[in-house]
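These numbers come from the heavy atoms of this one structure, side chains and all, not from hydrogens, waters or symmetry mates. Naming: A, B, ... by sequence-line order, numbering from 1 per chain.
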Amino acid sequence: MAHISAHFDRYKYLTSLKLCISSFTTIAIHQNFTPKTFQETCPNNNQQPKPIPNPKPSLKSSISKSQEQQNLISLIKSSTQKPHLLQIHAHLIRTSLLQNPIFSLQFLSCLCFSAFRDLRYSRNFFYQIKNPSASHYNTLIRAYTSSNAPKEAFFLYKEMRQKGLKPDPISFSFVIKSCMKFRLLFCGLQVHGRILRDGFQSDCLLLTTLMDFYSSFSSREEACKVFDEMTQKDTVAWNVLISCYLRNGRTRDVLMLFDTMKNEGVCEPDDVTCLLVVQACANLGALEFGEKVHHYIEECGYGSALNLSHSLIAMYSRCGCLDKAYDVFKGIREKNVVSWSAMISGLAMNGYGRDAILAFEEMQRMGIAPDEQTFTGVLSACSHCGLVDEGMEFLDRMSKDFGIAPNIHHYGCVVDLLGRAGLLDQAYHIIISMGVKPDATTWRTLLGACRIHGHFSLGERVIEHLIELKAQEAGDYVLLLNIYSSTGNWEKVTELRKLMKEKGIQTTPGCSTIELKGVVHEFIVDDISHPRKYEIYDKLGEINKQLKIAGYVAEITSELHDLGVEDKAHALSYHSEKLALAFGVLATPPGKTIRVTKNLRICVDCHNFAKFLSGVYNREVIIRDRTRFHHFRNGRCSCNNYW
DNA sequence: GTAGGGTTAG
C-alpha cells in the first residue's frame with residue numbers, strides 16, 4: 001500500500017484512492033506503465049485479461065458493487081495525469097468493464113476532453129468498444145469538432161449511420177458545427193435534409209445551430225427561412241438572427257430587430273443581444289440608438305459585464321464620442337488588457353495619438369501586459385497622428401521589449417504611417433522586407449497613400465501586386481483612376497476605364513448614413529429615394545451658395561471623368577456624403593453635431609465641403625469613412641490627414 | 001447508471 005500511496009500522492013489522487021480501496025487498486029501494483037506513444041501504451045482488448053488478484057476480503061465486502069463503480073467513475077473523472085488514465089484503461093480491459101457502456105463512455109469522454117486530451121488515443125480506444133452507442137459516437141464527433149481535424153467528425157457521422165445507429169439532435173448539432181468550422185457547405189446541406197427527414201424540425205437548439213451555419217456561409221435568406229420555420233423562438237434564436245444580419249452587412253435591420261424584440265415583447269433582449277446591437281451601432285455610427293441600448297444595458301443590470309463595456313467603448317469611439325467612451329472605461333472596476341486596448345484604439349481613431357501613447361504607458365504602470373491588439377492600437381495612433389519616429393520605435397520595441405512579433409496588422413499601420421507621411425519608398429520597402437506575406441489590405445493601404453501623394457508609377461506597381469494576389473477589387477482601380485485624374489493623366493484614365501469595362505469590374509456605390517432620433521437614414525450618390533428629397537436638394541443648393549461665398553471651390557480633381565470644369569463641379573454636387581450633410585443641416589437643430597458614416601473613402605472635394613460647412617453653419621461635423629475619422633470644427637479639420 | 005447541443009468583447 002505504501003507504494004500505491006506514493007504513486008498516487010504524486011498525482012494528487014490520494015483522496016480518490018481512499019474511496020476506491022476495491023479491486024481496481026491493484027492496477028498500480030500489477031501494471032507497470034511507462035507511457036510512450038499510444039501504439040505502445042494502449043492496451044489491446046484482444047489479449048486475455050490477466051486475472052485481478054482479489055483485494056483484501058475485509059475491504060471488498062464492506063463496499064457495495066455500485067459504490068465501487070461509482071468510485072471508479074469518480075476516479076476517471078478526476079484523472080489529471082495521463083499515466084493514471086492508462087492504468088485505468090488496463091484495468092477496464094482486464095475486468096471487461098471496457099464493454100460496459102457507462103465506463104467506456106466516461107473514459108472516452110475523459111480521453112477526449114481532459115487537459116491531456118489525445119484524439120488518436122481516443123479513437124483507438126473507441127474502436128476497442130465492441131458496440132459503440134450513439135453517445136459514444138457523439139462524444140468522439142464532439143471532440144473532432146472542437147479539434148482541427150477537418151472532416152473526421154463528418155465521416156464519423158456517416159459511419160454511425162452506416163452502422164444503423166440513429167443520430168440524435170445532439171449528434172446533428174455537433175456535425176453542423178463541424179461543417180461550419182471546416183467550411184463544408186454541401187455536407188451541411190445534406191445534414192439539414194436528414195434533420196428534416198428524421199423529424200427534428202421542432203428542436204429549437206438544433207435549428208439555431210443551423211441558422212448560424214447558414215449565416216456563416218453568408219446565406220442570410222436560408223438562415224431567415226430556418227428562423228421563420230421555427231415553432232418556438234427563444235432569445236438565442238433571435239440573437240443568432242441578429243448576428244446573421246450583422247455579419248452579412250444588413251446592419252440597419254439589426255436596430256429594427258432589437259426594437260421588435262423590445263417593443264413587441266416577443267422575446268426579451270439579453271446581454272448578448274445588446275452586445276450585437278452595440279456593434280451594429282458602432283458600424284453605423286448610430287450614436288443615439290447606441291445610447292438607447294446603453295440605457296437598456298444599465299436598466300437590465302448588465303452594466304458590469306466586461307464584454308459589454310468594451311463594446312460600448314468601441315461604439316462611442318467609433319461614433320466620435322470619446323467622452324462617453326472614457327466614462328465607460330472609467331466605470332470598469334477591473335480593467336484588463338481588452339479594456340485598455342479598446343480605449344487606446346478609441347483615442348487613436350479620434351486623433352488623440354499622444355493620449356493613446358500615454359494610456360499605453362499608464363496601462364503598463366498598472367501592471368497590465370499589452371498584447372497584439374494593444375500594439376495595433378498604439379501603431380494606429382501613430383499613423384493617425386503622423387508620429388513617424390514614435391511608430392517606428394514601437395514597431396522595433398514590441399518584439400524586443402514585449403516579445404510580440406509584429407503581424408500583418410502592425411505592418412499595415414506602419415505602411416499607413418509612412419505612406420501618409422509621404423515616405424512611399426520606405427513604405428514599399430517595409431512591405432517587401434517585412435517577413436510576413438503582404439495581403440491585399442497591406443497593398444491597398446499603400447495604394448491609398450499613392451492616391452494622397454499622386455504617385456502613379458508606384459500605384460501601378462501596387463496594382464500589379466494586387467493582381468498577382470488575385471485580390472484586386474473595384475475600389476483599387478478607382479483609387480488608381482483617382483491618382484491618374486488628380487495628376488491630369490486623362491489618357492491613362494480612359495485606358496483604365498476601358499480595361500475595367502472589359503473585365504466587367506463593378507464599382508461599389510458610395511453610401512453615407514446619418515442617424516436622426518435613432519433612425520438611420522441612408523444615401524447613395526444622386527439619391528432620390530428619401531421621402532424629404534426635395535427639401536434635401538433645396539438645402540444642398542443653399543449650402544453650396546453659402547459655401548461659395550465663404551470661398552469654397554469644388555475640388556475637381558476628385559472627379560474621375562474627363563469632363564469640363566462646369567460639368568465636373570456638377571457631377572460632384574450630389575455625392576452621398578453631401579446629401580447626408582444637407583439632410584443633417586435640414587433636420588437637426590442649429591449647433592447640433594452632424595455625424596456621417598461613409599462606406600468608402602471620402603473624396604477631397606467632400607472633405608473641403610464639410611470643412612467649409614462646419615465654419616459657415618457653425619456645426620461640428622464628424623465624418624467617419626472607410627479608413628478614419630474626419631473631424632471638422634470652425635472651418636478646420638482637426639485631424640492630421642495630409643489633405 | 002453515463003455524456004452531450006445554440007448566440008457573445010478591443
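Heavy atoms of other residues, nucleotides or ligands lying less than 6.0 angstrom from CD of A/Q232 number 12 at most. The environment of CZ in A/R161 is crowded: more than 12 heavy-atom neighbours from other residues, nucleotides or ligands sit within 6.0 Å.
Using a 4.0 Å heavy-atom cutoff across all strands shown, A/A305 reaches no nucleic acid atom at all. Heavy atoms of A/D234 sit under 4.0 angstrom from at least one base atom. Using a 4.0 Å heavy-atom criterion, one finds that A/S135 contacts the bases of the nucleic acid, with or without backbone contacts as well. Within 4.0 Å of A/L275, counting heavy atoms only, lie sugar-phosphate atoms of the nucleic acid but no base atom. Counting any heavy atom pair closer than 4.0 Å across all strands shown, A/V236 reaches a base atom. A/T235 comes within contact range of no nucleotide atom at all, as no heavy-atom separation falls under 4.0 Å. Counting any heavy atom pair closer than 4.0 Å across all strands shown, A/D212 reaches sugar-phosphate atoms only and no base atom. Residue contacts shown for A/S311 are limited to sugar-phosphate atoms, with no base heavy atom under 4.0 Å away. A/V278 comes within 4.0 angstrom of no nucleic acid atom, judged by non-hydrogen atoms across all strands. At the heavy-atom level, A/C274 lies nowhere under 4.0 Å from the strands shown.
No donor-acceptor distance shorter than 3.5 angstrom exists from the side chain of A/R624 to the backbone of A/G320, with no hydrogens or angles considered. A donor-acceptor pair is defined here as one N or O able to donate and one able to accept, closer than 3.5 Å; such a pair exists between the side chain of A/T235 and the backbone of A/E268. With hydrogens and angles ignored, the 3.5 Å screen pairs no side-chain donor or acceptor of A/K324 with any backbone N or O of A/M315.
A salt bridge links A/K330 with A/D327: the closest approach of a Lys/Arg side-chain nitrogen to an acidic carboxylate oxygen falls below 4.0 angstrom. In summary, A/R595 and A/E288 do not engage in a salt bridge, as defined by a charged side-chain N under 4.0 Å from a carboxylate O.
When the C1' atom of B/dT2 is taken as reference, atom NE2 of A/H136 falls 8 Å away, rounded to whole Å. Note: CD1 (A/I242) to C1' (B/dT7) measures 10 Å, nearest angstrom. B/dT7 atom C1' lies 12 Å from atom CG of A/N307, rounded to whole Å. Going from atom CG of A/N131 over to atom P of B/dT2 covers 21 Å, rounded to whole Å. As a whole-Å value, the separation of A/H310 NE2 from B/dA9 P is 12 Å. Whole-Å rounding puts the A/L241 CG to B/dT8 C1' distance at 16 Å. If you take CD1 of A/I88 and C1' of B/dT2, they are 15 Å apart, rounded to a whole angstrom. With rounding to whole Å, A/D168 atom CG is found 8 Å from B/dG4 atom C1'.
Between A/Q279 and the phosphate of B/dT8, there is no side-chain N or O to OP1/OP2 separation shorter than 4.0 Å. An OP1 or OP2 oxygen of B/dT7 is reached within less than 4.0 angstrom by a side-chain nitrogen or oxygen of A/K177. Under 4.0 angstrom from either OP1 or OP2 of B/dA3 there lies at least one side-chain N or O belonging to A/K77.
Between the side chains of A/D212 and A/T209, no donor-acceptor pair is found at a separation under 3.5 Å.
Closest to the side chain of A/N336, out of B/dT8, B/dG6, B/dA9, is B/dA9. Looking at the side chain of A/I170, the nearest of the listed nucleotides B/dG1, B/dG10, B/dG4 is B/dG4.
For the contact set between residues 359-373 of chain A and DNA chain B, defined by any heavy atom under 4.0 Å, the members are A/D371, A/Q373.
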